[in-house]
> 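Let me begin by handing over the structure; questions about it come next.
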Amino acid sequence: MRRFTIKDVAERAQVSLKTVSRVINNEAGVQASTRDRVQVAIAELDYQPDPSARSLRSAQSYAIGLMYDNPNPYYVIAVQNGVLSVCRENGYGLQIHPCDSSSPNLARELIAIAQHARLAGVVLAPPMSERNELVKELVDHGISLVRIVSAAADPQDGSACVFVDDRDAAYEITEHLIQLGHSRIGFLWGGKSHGSSWERHKGYEDALRDYGIAYDDALVIEGDYSFDDGFRGARRLLALADRPTAVFGSNDEIAAGVLAAARSSGMNVPYDLSIAGFEDSPFSKQSWPALTTARQATEEIARHAAQRLLQELRENAPKPTSSNEGFSPELVVRGSTAPPRPKA
């Protein structure tokens, strides 16, 4: 099938190649009627600008990068889809780079990737986005970036970001379990290199304190954002002499591991053990019972990060003056939580 070119668009709209280019790049100074005519021609021909060719024809790059390190495939796919949708809408290419955030040469590696690929900018996902010294080094090397971070409020640290209030959502989940009647509530950490893990733990801790429930170190297990760590952590909690009646996993994969551990022990969820997760991954609705969780709009969060990056990259565009944008995950109550069984 023939691939239409910018020349075909110009001929269809009866304008010059330069005018089509200015419309594609969202440049000012094009009459509204002319812009509309070009956009109609682009839609009719289903024209897709070639980012690499555009970059070669000008000093400006038309590709951005997405850098991440996260063991949760549902999170990664959602972030990729969000950033990619913005790139497609704006004629940009996307280069996806999974990274090892523990690498001692991480800054050098990210700088080399950005420079070698001639990236216009980078969307930086957790946990790299939450390492201030890394962010500073990238910026010092002239790399434009927008971060996705976990924070209860706008960090206001001079670096553009989209922030997610994990703490408040974790508080809501813990409060929900307390109001059902649970006082022995286990907590399974995600990876401690992620700011979201600390924020979710803080929300859990704050809710216990506000309801007068003593914090018990035996009920808090370290791990990573994975099914396997959820399973292992749950087995440790369920082996306690005074085991918890509810477990809060720091994401849905961890919660799914808890559900598997409970089932393997012959427990009835939610009556023998209530389970809550976080993020509202697809399988949180498909498990049995479906998981109580916090709905996090990961794809939309990533879209906003990419939009903010392109806004900052546009030539001659005024730099954004608004504060960084924040998102608050929402409690979703499903069948995996219920009041504890009365003690005999």
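Everything quoted here is computed from the prediction, not taken from an experiment. No hydrogens, no waters, no symmetry mates; every other heavy atom, side chains included, goes into these values.
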> Hey, are R131 and E137 close enough for a salt bridge, meaning a charged N less than 4.0 Å from a carboxylate O?
no

> When rounded to the nearest 0.5 angstrom, what distance separates OG in S274 from CG in L291?
11.5 Å

> In Å and rounded to the nearest 0.5 Å, what is the OG to CG distance from S336 to L273?
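Between S336 OG and L273 CG, I get 9.5 Å after rounding to 0.5 Å.
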
> Between L219, I213, V220, which is the residue that forms a side chain to side chain contact (heavy atoms under 4.5 Å, CB included) with D216?
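Only match with D216 under side chain to side chain contact (heavy atoms under 4.5 Å, CB included): L219.
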
> Apply side-chain contact (heavy atoms from CB on, under 4.5 Å) to the pair L313 and I64, showing each step before the final yes or no.
CA-CA 10 Å; L313 290 174; I64 65 173; 4.2 Å; yes

> Closer than 3.5 angstrom, by distance alone: can the side chain of T19 be matched with the main-chain N or O of V15 as a donor-acceptor pair?
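No, because the side chain of T19 does not come within donor-acceptor range (under 3.5 Å) of the backbone of V15.
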
> Once rounded to the nearest 0.5 Å, what's the spacing between atom CG of D206 and atom CD of E199?
9.5 Å

> Quick one: does H141's side chain have a donor or acceptor within less than 3.5 Å of a partner on A107's backbone?
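Not a single qualifying donor-acceptor pair exists.
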
> Under 4.5 Å between side-chain heavy atoms, chaining through other members, with only Ile, Leu, Val, Met, Phe, Trp and Tyr counted: pull out the rest of the cluster around F283, sorted by chain and number.
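The other cluster members (ILVMFWY side chains, heavy atoms under 4.5 Å, direct or chained) are Y74.
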
> I need the minimum non-hydrogen distance between Y92 and A63, along with the two atoms involved.
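Smallest heavy-atom distance, with atoms named: CD2-N, 3.7 Å.
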
> Should R12 and D8 be marked as a salt bridge (charged side-chain N to carboxylate O under 4.0 Å, His left out) after you check the CA-CA gap, both sets of side-chain angles, and the distance that decides it?
CA-CA 6 Å; R12 174 68 67 94; D8 295 314; over 6 Å; no

> In terms of relative ring orientation, are F187 and W189 parallel, tilted or perpendicular, with 30° and 60° separating the classes?
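Rings of F187 and W189: perpendicular, as their planes differ by over 60°.
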
> Step by step, would you call S183 with L208 a side-chain contact (heavy atoms from CB on, under 4.5 Å)?
CA-CA 8 Å; S183 58; L208 293 181; over 6 Å; no

> Measuring from E175:CD to D168:CG, what's the distance to the nearest 0.5 Å?
9.0 Å

> So, N251 and Y75: side-chain donor and acceptor under 3.5 Å apart, yes or no?
no

> Under a 4.5 Å side-chain heavy-atom rule over Ile, Leu, Val, Met, Phe, Trp and Tyr, are I185 and Y211 clustered together?
yes

> Taking the side chain as C-beta and beyond, is there a heavy-atom pair between L238 and M267 under 4.5 Å?
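L238 reaches M267 side chain to side chain.
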
> Got a salt bridge between E279 and R200, using NZ or NE/NH1/NH2 to carboxylate O under 4.0 Å?
yes

> For the pair V164 and I301, evaluate side-chain contact (heavy atoms from CB on, under 4.5 Å) and give the outcome as yes or no after the intermediate values.
CA-CA 8 Å; V164 184; I301 290 165; 3.6 Å; yes

> Are V139 and I143 side-chain neighbours, meaning at least one heavy-atom pair lies under 4.5 Å?
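Heavy-atom side-chain distance check fails, nothing below 4.5 Å.
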
> For the aromatic rings, using the six-membered ring if either is Trp, is the centroid distance between Y215 and H201 under 6.0 Å?
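So the answer is yes for these two rings.
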
> Testing the basics here: between V79 and A302, what is the closest heavy-atom pair and its distance to 0.1 Å?
O-CB, 3.5 Å

> Going by distance alone, is a donor N or O of one side chain under 3.5 Å from an acceptor N or O of the other, for S150 and D166?
yes

> Should the heavy atoms of other residues, nucleotides or ligands under 6.0 Å from CD of Q286 be counted, would the total exceed 12?
yes

> About how many Å separate OG of S226 and CG of L188, when rounded to the nearest 0.5 Å?
10.5 Å

> I need the minimum non-hydrogen distance between G277 and A255, along with the two atoms involved.
CA-CB, 3.7 Å

> Answer yes if the ring centres of F327 and H304 are under 6.0 angstrom apart, and no otherwise.
yes

> Would R308 and E325 pass as an ion pair if we require N to O under 4.0 Å?
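Answer for the salt bridge query: no.
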
> How close do R303 and S85 get, heavy atom to heavy atom, and via which atoms?
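For R303 versus S85, the nearest heavy atoms are NH1-OG, 2.7 Å.
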
> Between R147 and D157 (salt bridge meaning N to carboxylate O under 4.0 Å), is one present in this structure?
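So R147 pairs with D157 through a salt bridge.
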
> Count the heavy atoms of every other residue, nucleotide or ligand shown that sit under 6.0 Å from CZ of R108, and state whether that count exceeds 12.
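Not buried by this count: 12 neighbours or fewer within 6.0 Å.
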
> For T245, does its backbone N or O pair with a side-chain atom of R184 as donor and acceptor, under 3.5 Å?
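No; judged by distance alone, with no hydrogens or angles, the pair does not exist.
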
> Indicate whether any N or O donor in one side chain lies under 3.5 Å from an N or O acceptor in the other, for R235 and S265.
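S265 and R235 do not have a side-chain donor-acceptor pair below 3.5 Å.
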
> Among side-chain atoms of S284 and S281, is any donor-acceptor pair under 3.5 angstrom?
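Note: S284 and S281 side chains miss the donor-acceptor criterion.
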
> For H176 and T337, which I'm curious about, is there any donor-acceptor pair between the side chains at under 3.5 Å?
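Indeed, the side chains of H176 and T337 share at least one donor-acceptor pair under 3.5 Å.
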
> Under 4.5 Å between side-chain heavy atoms, hopping through other hydrophobics if needed: is there a path connecting I148 to I77?
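Each belongs to a different hydrophobic cluster.
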
> Return the minimal non-hydrogen interatomic distance between G181 and P340, and the atom names on each side.
O-CG, 3.7 Å

> Yes or no on side-chain contact (heavy atoms from CB on, under 4.5 Å) for M67 and L119, after CA distance, side-chain angles and deciding distance?
CA-CA 12 Å; M67 315 295 193; L119 298 178; 4.2 Å; yes

> Has K136 got more than 12 heavy atoms of other residues, nucleotides or ligands less than 6.0 Å from its NZ?
no

> With no hydrogens and no angle check, do the side chains of S102 and D100 hold a donor and an acceptor under 3.5 Å apart?
yes

> How long is the gap from CD on E130 to SG on C161, to the nearest 0.5 Å?
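Reported to 0.5 Å precision, the distance equals 10.0 Å.
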
> Does a donor on one side chain and an acceptor on the other come within less than 3.5 Å for D280 and T293?
no

> Would a hydrophobic clustering, with Ile, Leu, Val, Met, Phe, Trp and Tyr connected at side-chain separations under 4.5 Å, put I178 with Y271?
no

> Any chain of hydrophobic side-chain contacts (each under 4.5 Å) joining Y225 to L237?
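Yes, one cluster joins them.
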
> Check whether more than 12 heavy atoms from other residues, nucleotides or ligands sit under 6.0 Å from atom CD of E300, and answer yes or no.
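More than 12 within 6.0 Å, yes.
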
> For I173 versus F278, what's the shortest heavy-atom pair and its separation?
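Smallest interatomic distance, heavy atoms only, reads CD1-CD1, 3.7 Å.
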
> Assess whether atom CZ of R341 is packed by more than 12 heavy atoms of other residues, nucleotides or ligands within 6.0 Å.
yes

> In this structure, would V247 and V269 fall into the same cluster of hydrophobic residues linked by side-chain contacts under 4.5 Å?
yes

